[in-house]
Amino acid sequence: MVTEAHIRNLLRVVKDPEIPTVSLVDMGVVHRIDLPANGGVHVELIPTFSGCPAMSVMALEVEQVLRKAGFAPVTVAMNKQVAWHSNMISEEGRKGLLEHGLSPPPHYDPNTQDYALEAATCPHCGSTRTVLKNPFGPTLCRAIHQCLDCQETFEQFKPV
Amino acid sequence: MQEALKSLLLSLADDLLVIGHRNSEWTGMGPVLEEDIAFASMAQDKIGHALAFYELLHSLGEPEPDILAFTRQAADFRSCQLVEYPIGEYDFSLVRHFLFDYAYTTRLEALKSGSYAPLAALSERFLRELKYHTLHARTWVAQLGNATEEARLRMQSALNEALPMAYGIFEETPHTAGLVAEGIQPHEQELRDRWLAGISALIAGTPLKLPQPTAGDIRPYLGGRQGRHSEHLQPLLTEMTEVFAIDPAAAW
Ligand SMILES: [Zn+2]
């Protein structure tokens, strides 16, 4: 009996091409898995950043992984009606971000959405005395900060 | 009702597509590398938003997003005139970005609690991304507004030029009343007042002055929402269409 958890496990090999230490499962973008009686799988993904070019690559990879595992038919859809937010990144995912040198986004209350874009923790020394240098980094999901303690410039995965 | 909703979605999508393409023209041209990256990132986000609105239109029976975006003529575009003007000097682009992004935020805030669920959901998502755009805009407006006398004068003149254009964002159309009646959005006048209150407070923190709408001081650039545009839109659309014709997959 194939379960949703089993599919989730299989999908752990699919990584965000921009952050190879974090799987898309840990990124929180696997929104829904359907296992119809015909032996197929239907996966619904939710996009992180609207303009993120990596999403279509990941969708294709999800399809390939499931096909290779013997499922047919496999369908992957993007659900743009569900709003992804950075609190959906799992603990495992946050570790992966750090491993990649990225400061994980601070948790925030999604109801108030009242959070400081300027707040970040330095991935090098752990200091929270940091300043936001540029809200736009090399990819849509990253902002650039500087640590006032160790002076290092670092990238943060943006809280959104 | 469907028609009113479609006209709203089209004006949203067209605004974003056009300003996205304009701002992507700063790639490699910004005053500093960080600004290149910022303008390119914000353009990418906005074009992403435009695509989502075109997709929503497609789900309501309109043609595919590609067809909507890249095969219509200027007279079929419902974007406001503010977005179509050439990028000009950096001051103009920055002020336009400031005025537009706060207006867009005001609108999404309203749509988020409006009665059309798919649009409310998209608005909620886009607002989170927009926070960074408005942060960028207000940081630079404050920085340049408070910099040298020359910088202040240039910013002030850009503000004087762009504000009447930005008023055109809130042009009422024959569909507005229907949208209000359905609870999808408030009146344009109401949105404009909220927007003005927000930007007035921010401008008040700088030596810049917001031109006041007294005694015909401000002549809003109207017509865009009805398909009347300046001479600047068609050449931009033609260029976008050419890129689309060469490689349809690369156009987005
Ligand atoms: Zn540090």
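Throughout, a chain's letter reflects where its sequence line sits, starting with A, and its residues are numbered from 1.
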**Request:** May I ask you to decide if B/C80's main-chain N or O and B/D15's side chain share a donor-acceptor pair within less than 3.5 Å?
**Result:** yes
**Fill in**
Contact list (residues 10-36 of chain A to chain B, heavy-atom gap under 4.5 Å, by number) returns none
**Choice from B/E35, B/M42, B/K46 maximising heavy atom contacts with chain A below 4.5 Å** = B/M42
**Close side-chain approach of A/H42 to A/E44, heavy-atom, < 4.5 Å** = yes
**Request:** Could you tell me which residues in residues 122-158 of chain A have at least one non-hydrogen atom under 4.5 Å from a non-hydrogen atom of chain B, sorted by residue number?
**Result:** A/L132, A/N134, A/P135, A/F136, A/G137, A/L140, A/K158
**Message:** Tell me whether B/R22 is salt-bridged to B/E84, with the criterion being a basic N under 4.0 Å from an acidic carboxylate O.
**Reply:** no
**Request:** Would you confirm whether B/R72, through its side chain, and B/L68, through its main-chain N or O, come within 3.5 Å as a donor-acceptor pair?
**Result:** yes
**Asked** Mind checking whether B/H136 and B/T139 have side chains closer than 4.5 Å, heavy atoms only?
**Response** no
**Item:** Note, B/Y102 side chain near B/L196 side chain (heavy atom, < 4.5 Å)
**Value:** no
**Under 4.5 Å from any heavy atom of chain B - which part of A/T48** = backbone
**Prompt:** Counting distance only, does the side-chain N/O of B/R138 pair as donor-acceptor with the main-chain N or O of B/H133 below 3.5 Å?
**Reply:** no
**Message:** I want to check something: taking the side chain as every heavy atom from C-beta on, are B/Y132 and B/D45 in contact at a cut-off of under 4.5 Å?
**Reply:** no
**Request:** Go through the atoms of B/F39 and report whether side chain, backbone, both or neither lie under 4.5 Å from a heavy atom of chain A.
**Result:** neither
